[in-house]
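Throughout, a chain's letter reflects where its sequence line sits, starting with A, and its residues are numbered from 1. Fair warning: this is a prediction, and the values are worked out from it, not measured in the lab.
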Amino acid sequence: MKVLDCTKCDIKSSAAKMLNVEELKILGNHCSEVNFKKGEIIFKQNALSSNIVYLKKGLVKIHIAGPSAEQIIKISKPPTYLGIPTTFDEKTNRYSATALEDTVVCFIGLDMFKQFIKGNPNFSYEIIVELCKSELDSFNNTVNRAQKKIPGRVADALLFFNREIYESKEFYIPLSRLEFGNFVDTSRESVSRILTEFHTDRIIQLDGRKIEILDEQRLEAFSKRG
DNA sequence: GCATTAACCACAG
DNA sequence: CTGTGGTTAATGC
């Protein structure tokens with residue numbers, strides 16, 4: 001296995017920035033970098049999990065196979081950890097992660113990661129900050145998913161891609177209509193309908209998966225109104 | 001009762 | 001895989 005030099009990594013997590021050179025060398029010795037092509041599974045629900053997974057480049061969906069359908073919990077962009085809640089105290093993964101674009105990931109040895117948590121308060125602090133943000137997002141998502149109607153949820157998703165992921169009014173949805181439905185808790189048909197509605201109302205320009213947001217205010221209105 | 005919302009089904013690109 | 005149309009069930013006014 002190629003030994004990684006984490007001291008030279010310029011895509012460090014905010015936690016890894018708190019490590020000194022010695023610690024970064026240790027990290028490199030317990031870490032392997034892996035490339036995934038679009039569509040490849042990075043780790044799978046119910047499989048044994050023995051690594052912390054750090055997303056370095058690309059885009060990933062976190063999803064769970066529910067009783068009746070697949071549900072996309074969230075879409076993560078780098079830099080972020082993917083497998084903390086599923087790895088720390090659980091033997092198996094409680095969710096899957098799949099690459100939506102060509103993606104680069106670091107698998108980090110769990111034992112060593114725990115040592116950093118216990119030994120370096122600044123490192124731990126940054127990890128906690130990330131976990132807190134993630135939990136807050138999750139709380140908000142729970143409320144939004146339960147209380148907003150479909151147009152509001154679709155608007156939310158479009159604004160999410162616009163602001164959080166691509167930082168551009170123009171982007172390609174990295175999901176099929178079915179996946180989009182799984183992401184906003186609805187059927188692929190409803191997603192299609194709402195998107196074409198937004199298109200005919202000139203709120204967005206729509207061409208397959210290509211989106212251009214024309215009227216952010218009205219999208220925002222749908223999002224707020226629910 | 002009537003309108004709205006959204007799911008499910010079927011069929012055509 | 002995607003878009004559309006018909007049908008149906010639940011909910012609100």
Euclidean distance, atom CD1 of residue A:I150 to atom P of B:dT4 [Å, nearest integer]: 16 Å

In residues 186-195 of chain A, what residues come within less than 4.0 Å of DNA chain B, judged by heavy atoms? A:T186, A:S187, A:R188, A:E189, A:S190, A:R193

Do you see a donor-acceptor pair shorter than 3.5 Å between the side chains of A:Y81 and A:S13? yes

Strictly by modelled atom types, are A:D156 and A:S223 linked by a side-chain donor-acceptor pair under 3.5 Å? yes

Heavy-atom distance under 4.5 Å between the side chains of A:K61 and A:E179, does that happen here? yes

Answer yes or no: does atom CZ of A:R94 have more than 12 heavy-atom neighbours from other residues, nucleotides or ligands under 6.0 Å? no

Using a 4.0 Å cut-off to any heavy atom of chain A, which nucleotides of DNA chain C are the first and last in contact, reading 5' to 3'? C:dT2 to C:dG6

Checking all strands, does A:R209 fall into the base, sugar-phosphate, or nothing category for heavy-atom contacts under 4.0 angstrom? sugar-phosphate

Would you mind reading off the distance between A:R145 atom CZ and B:dA6 atom P, rounded to a whole angstrom? 15 Å

Centroid-to-centroid, A:F161 to A:Y172, below 6.0 Å? no

Flag the pair A:Y54 / A:F107 as yes when their ring centroid distance falls below 6.0 Å, and as no otherwise. no

Among residues two or more places apart or on two chains, list those pairs meeting side chain to side chain donor-acceptor pair (under 3.5 Å) that have a residue in residues 206-215 of chain A. A:D215-A:R218

Between B:dT4 (C1') and A:R225 (CZ): distance, integer Å: 14 Å

Between the side chains of A:E130 and A:T80, does any donor sit under 3.5 Å from an acceptor? yes

